[in-house]
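Remarks on the structure that follows.
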Amino acid sequence: MPEGHTVHRTANHFRKTFAAQTVEVTSPQGRFTDAAVISGTKLLKTRAIGKQLFLHFEPAVLRIHLGIYGKWQFSQFEELPEPRGLVRARFIAGNHLADLRGPTACELLDSEQLKLIQAKLGPDPLDPMADAEKFIAKVSRSRVTIGQLLMDQSVISGIGNVYRAELLFRAGINPHTPGSSLTREQVLGLWLDAVALMPLGVKTGLMLTREGHLKAKTKKADRYYVYKREGLPCRECEVNIAIELMATRKLYHCPSCQK
DNA sequence: GGCTTATGCGCAG
DNA sequence: TGCGCCTAAGCCA
């Protein structure tokens, strides 16, 4: 379920229920072989950058990336439940439990490795300290299409297939436009729109992108302008929403509103 | 119950 | 470009 907002929610949850505590870390499945290195140490700091979660324990930093399959399951228990299925990592502090399944990455980093990985990440619209100019500069210099640039985590962190489609529709920009063909106002506009929308995602856990429907009570069927609406009439102009593959990912857009 | 699909990404070639 | 990852929800029967 991971576009950036979900990972920030996870970071917030860890901060609330695990931070500053001694955490017991195990790998019931066995594949996270370094669990013992951090188990029994304190969670000092929790940070999400885009789709990556960094849990700073005393001996090392744990980097978690859910990829497409990864899932978290959080719960509180009176009696600790047996792990169900393949649990890569299990975190326990007090009566709080977090089970991690199927992640792409669950690995310990030293400070050098951490620096390298974080240096590769583009600015995150959910980070108040993020530098929009870095995003603008990379897009403006690139002949790659804006549809692909928005999915490139070294250009901007945290955008996935849903926000990509919706942001471009909201901006009235055709996904095939090369980054360098966009005006500075258009690129800044995309950034500012992400800055405006993504906190709603963190707050509600839903990707709310439709003007007038930016509330958690918005029904799933009404939630998006174009994402997964191929063949249906555009909500603004009635022309059918188009679908195609762009670099192996499904891309949705309105051929009329996004010229 | 089975089959399809998915909000991602690294890697081989 | 295509594969591997290998979970879980959604949909159909």
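Worth saying up front: this structure is predicted, and the values here are computed from it rather than measured. In what follows, chains are A, B, ... by sequence order, proteins preceding strands, each numbered from 1. Computed over heavy atoms, backbone and side chain alike; hydrogens, waters and symmetry mates excluded.
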Protein-nucleotide distance ([X], atom [atom1]; [N], atom [atom2]), rounded to Å:
X        : N     : atom1 : atom2 : result
A:Leu66  : B:dG8 : CG    : C1'   : 10 Å
A:Leu53  : B:dT7 : CG    : P     : 21 Å
A:Leu100 : C:dT7 : CG    : P     : 12 Å
A:Met198 : B:dT7 : CE    : P     : 15 Å
A:Leu121 : B:dC9 : CG    : P     : 10 Å
A:Leu150 : B:dG8 : CG    : P     : 12 Å
A:Lys71  : B:dT7 : NZ    : P     : 11 Å
A:Ile68  : C:dG4 : CD1   : C1'   : 12 Å

Taking the side chain of A:Leu86 as its heavy atoms from C-beta onward, which of B:dA6, C:dT7, B:dC9 lies nearest to it? C:dT7
Between B:dC9, B:dT7, C:dT7, which nucleotide gets closest to the side-chain atoms of A:Arg101? C:dT7
Using the P atoms only, state how far B:dT5 lies from C:dA13, rounded to an integer number of Å. 15 Å
Provide the distance between the two C1' atoms, one in B:dT7 and one in C:dT1, to the nearest whole Å. 23 Å
Rest of the hydrophobic cluster containing [X] (Ile/Leu/Val/Met/Phe/Trp/Tyr, side-chain heavy atoms under 4.5 Å)?
X        : answer
A:Met129 : none
A:Leu245 : none
A:Leu116 : none

For A:Glu82, the salt bridge (Lys or Arg N to Asp or Glu O under 4.0 Å) test, sequence neighbours excluded, returns none
Going by the angle between their ring planes, with limits at 30° and 60°, are A:Phe135 and A:Trp191 parallel, tilted or perpendicular? tilted
Side chain to side chain, A:Pro175 and A:Leu251, heavy atoms closer than 4.5 Å: yes
Which comes earlier along DNA chain B counting from the 5' end, the contact point of A:Lys228 or that of A:Gln52, where each point is its nearest nucleotide? A:Lys228
Among all residues two or more places apart in sequence or in another chain, which pass the side-chain hydrogen bond (donor to acceptor under 3.5 Å, both in side chains) test with A:Arg9? none
Taking A:Glu238 for the side chain and A:Pro233 for the main chain, is one N or O donor matched with an acceptor at less than 3.5 Å? no
I'd like to check the side-chain contact (heavy atoms from CB on, under 4.5 Å) partners of A:Val23; sequence neighbours left out, ordered by chain and number. A:Phe18, A:Val25, A:Leu43, A:Phe57, A:Phe91, A:Ala93
Positions of residues 241-253 of chain A (non-hydrogen atom under 4.0 Å from DNA chain B), listed by number: A:Arg249, A:Lys250
Neighbours of DNA chain B within residues 187-196 of chain A, by heavy-atom distance under 4.0 Å: none
Would you please confirm or rule out a distance under 4.0 Å between OP1 or OP2 of B:dC9 and any side-chain N or O of A:His65? yes
Residue set satisfying ring-ring contact (aromatic ring centres under 6.0 Å, His included) with A:His213, at least two apart, ordered chain then number -> none
Toward the 5' end of DNA chain C, which comes first, A:Lys220 or A:Gln29, by nearest nucleotide? A:Gln29
Indicate, with a heavy-atom threshold strictly under 4.0 Å, whether A:Tyr227 touches base, sugar-phosphate, or nothing. sugar-phosphate
Remember a base hit wins even if backbone is also touched, and classify A:Arg84 as base, sugar-phosphate or nothing at under 4.0 Å, heavy atoms. nothing
Does anything in residues 215-226 of chain A pair up under side chain to side chain donor-acceptor pair (under 3.5 Å), and if so which pairs, sequence neighbours excluded? none
Just grab all the side chain to side chain donor-acceptor pair (under 3.5 Å) pairs involving residues 93-107 of chain A, residues at least two apart or on different chains. A:Arg63-A:Glu107, A:Gln73-A:Arg101, A:Gln76-A:Asn95, A:Arg90-A:Asp99
Where does DNA chain B pair, written as one dot-bracket string 5' to 3', with Watson-Crick or G-U pairs under 3.5 Å, ( ) inside the strand, [ ] for crossing pairs and | for another strand? ||||||.|||||.
